[in-house]
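Presented below is the structure to which this report refers.
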Amino acid sequence: MDPALLAYQGVLGAVCLATGGVTVRAWQRREEPGAAYLAVMNFGIVFWTLFTLVPTVLGASRWSFVSLRLVIPFVAVGVFGLFAFTLEYTGRGEYLTRRSVALLSVEPILVSVVTLTNGYHELMWTEAAIDPAAVYGVVRTFQAGFLVHTLYSYALLVAAVYMIGGFAVRSDFLYQKQVVAFLCAIFVPWVGNFLYIFTPVQYDLSQVGFAVTGISLGYAITSVGFLDITPVARNRVVETLQASVLVIDTQGRLVDINDEGRRLLGVGADSVTGERVARLLDPFPDTEALVETIMSATDDETFEAELADRTFTVRISPLYDQRDLLAGRVVLVNDVTEQVEQRRELRQRNEQLDRFAGVVSHDLRNPLTVAAGKLELFRQTREDDFLDDVDDSLARMERLISDVLTLTRTGASDIETEPVSVTAVADAAWSNVETGDSALTVDTEWTLPAKRSLLMQLFENLFRNSVEHNPDPVTVTVGSLPDGLFVEDDGVGIPEGERGDLFEAGVSGSDTGTGLGLMIVDQVATVHEWETTVTASADDGARFEVRSAS
């Protein structure tokens, strides 16, 4: 027997076994994306190869014609499975509807019918010659039907190569071995098929090429994890996460990253796969400790970290391979800066409310007690002076309640500001306060970015503070600073030792004050990102300066 023919038969037998094993393995995992179509593809390859092998054994026989007829239907099945698998693997699985699968099935069914009845019409090839010297025992002359089928098959092949090639360009480092294996599996056999059909080569080398297919896909499944985590599933899940995702191998190298992760590291579209994660995290504080924590994690770990002046939660999850050996770690990084700031703000407001809650309850109880006592005296004496005292107590309670409401409503850090005329707001605030014979002077006309209603409350409380805490009428001056404003008076001033506690709840220098006015001033300043300080005016009165905190 011809050694070359014997070797060719041996290769075809090996192809049958290899692709048969791939078929079984893929079918066992048919619930995974693409696995069922991979099984269909290799099922077609097995019988394509088998019915190509049979004529080389039978030689010059009419049964060789029959066997070769059976090759074409399984070629069609293999091409169909390959194309459908490529669609699903590259993220186009939504096109595999019942209607599209039915349309793709038309050509395999039609070509099978034409091929199996070829003896009656010879649309595929002529079957007149039996030649013992021929590799397949027969001599065929291909006809138009075979050419149409070949062109159709090549069209699907070109589409598959285009889809997987485009995916290869976009694929991250983690999947490039898979893509290379897939391209080999698709492309190499068709080179052999082209040589057999369009050149004088006697052996159908597409079968030899399918030995590469079996080996490539077998390797891809068992060693590369071709179907363990399909890239399409990864892209759909990982890229849509709002978290940064970094996959790091056991050597501390970055093997995969999503777009959020690129933004976190500031690498844009640069290729950073394969880089040391320690180098990529170098701009961030405590890099060495962070990398050590990542690389030493053997269980899920979650902690907060400060990176680039923002707060993140970092979750580290170990990755294990099919043998339960540590293969790397997945790091999920979520930006929680806003949540942390909200928690901090809520905690500060709760502390603030706790501080003046006692003051409020105490100050409400005092005027209530006074009002009740004076009302009882009025009932006994019917003297109107006692009703005046009741009225004063009720007015104080009303002021206290109003201040409490102001404090509870002045806490939003996301206020909308606009240019506000300081002169107009100061004049309006002055008219809202009982100032008696005191006077207001505004040094200049200018605007300030602020929320008008809150700025009004700031002025009202500062004006009330100046008027109520001085025994005689005062002149209150509002002026501009390079980064803010000031409100000062020419009264008795505030002793230096008392200035530090002025903005605390319950601190008041008069019997009529609520002790919350300057706390309101400080809170209005805070939500505008201003800072308030107290000093002495040029006339030794009180001076309050409000400046930008930045």
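Quantities reported herein were computed from a predicted structural model and do not represent experimental measurements.
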Going by the rule side chain to side chain contact (heavy atoms under 4.5 Å, CB included), which residues pair with [X] if we only count those two or more places apart in sequence or in a different chain?
X	result
D384	F378, L387
Q380	E376, L377
E338	none
L265	L246, I257, V267, L280, L281, F284

Can you tell me how far [atom2] of [Y] sits from [atom1] of [X], rounded to the nearest 0.5 angstrom?
X	Y	atom1	atom2	value
E260	L264	CD	CG	9.0 Å
N432	E460	CG	CD	4.5 Å
F85	M163	CZ	CE	11.5 Å
N334	Q339	CG	CD	8.5 Å

Are any non-hydrogen side-chain atoms of [X] and [Y] less than 4.5 angstrom apart?
X	Y	value
T533	T535	no
P471	V492	yes
E434	E468	no
V330	I248	no
D385	D388	yes
W530	L485	no
H528	L458	no

N/O donor to acceptor pairs below 3.5 angstrom from side-chain atoms of residues 443-455, sequence neighbours left out:
residue: E445; atom: OE1; partner: T423; partner atom: OG1; Å: 3.3
residue: E445; atom: OE2; partner: S421; partner atom: OG; Å: 3.0

Backbone N/O of V245 and side chain of N258: donor-acceptor pair under 3.5 Å: yes

Side chain T532, main chain D522, donor-acceptor under 3.5 Å: no

Residues in side chain to side chain donor-acceptor pair (under 3.5 Å) with [X], at least two apart?
X	answer
S317	D300
T287	none
D335	R310, T337
D282	none

Shortest non-hydrogen contact between D490 and T475, atoms and distance: OD1-N, 2.9 Å

Pairs touching residues 533-550 that satisfy salt bridge (charged side-chain N to carboxylate O under 4.0 Å, His left out), sequence neighbours left out: D483-R547, E488-R543, R543-E545, E545-R547

Partner residues of E292 under the salt bridge (Lys or Arg N to Asp or Glu O under 4.0 Å) criterion, sequence neighbours left out: none

Residues that F463 engages under ring-ring contact (aromatic ring centres under 6.0 Å, His included), provided they are two or more places apart: W430, F459

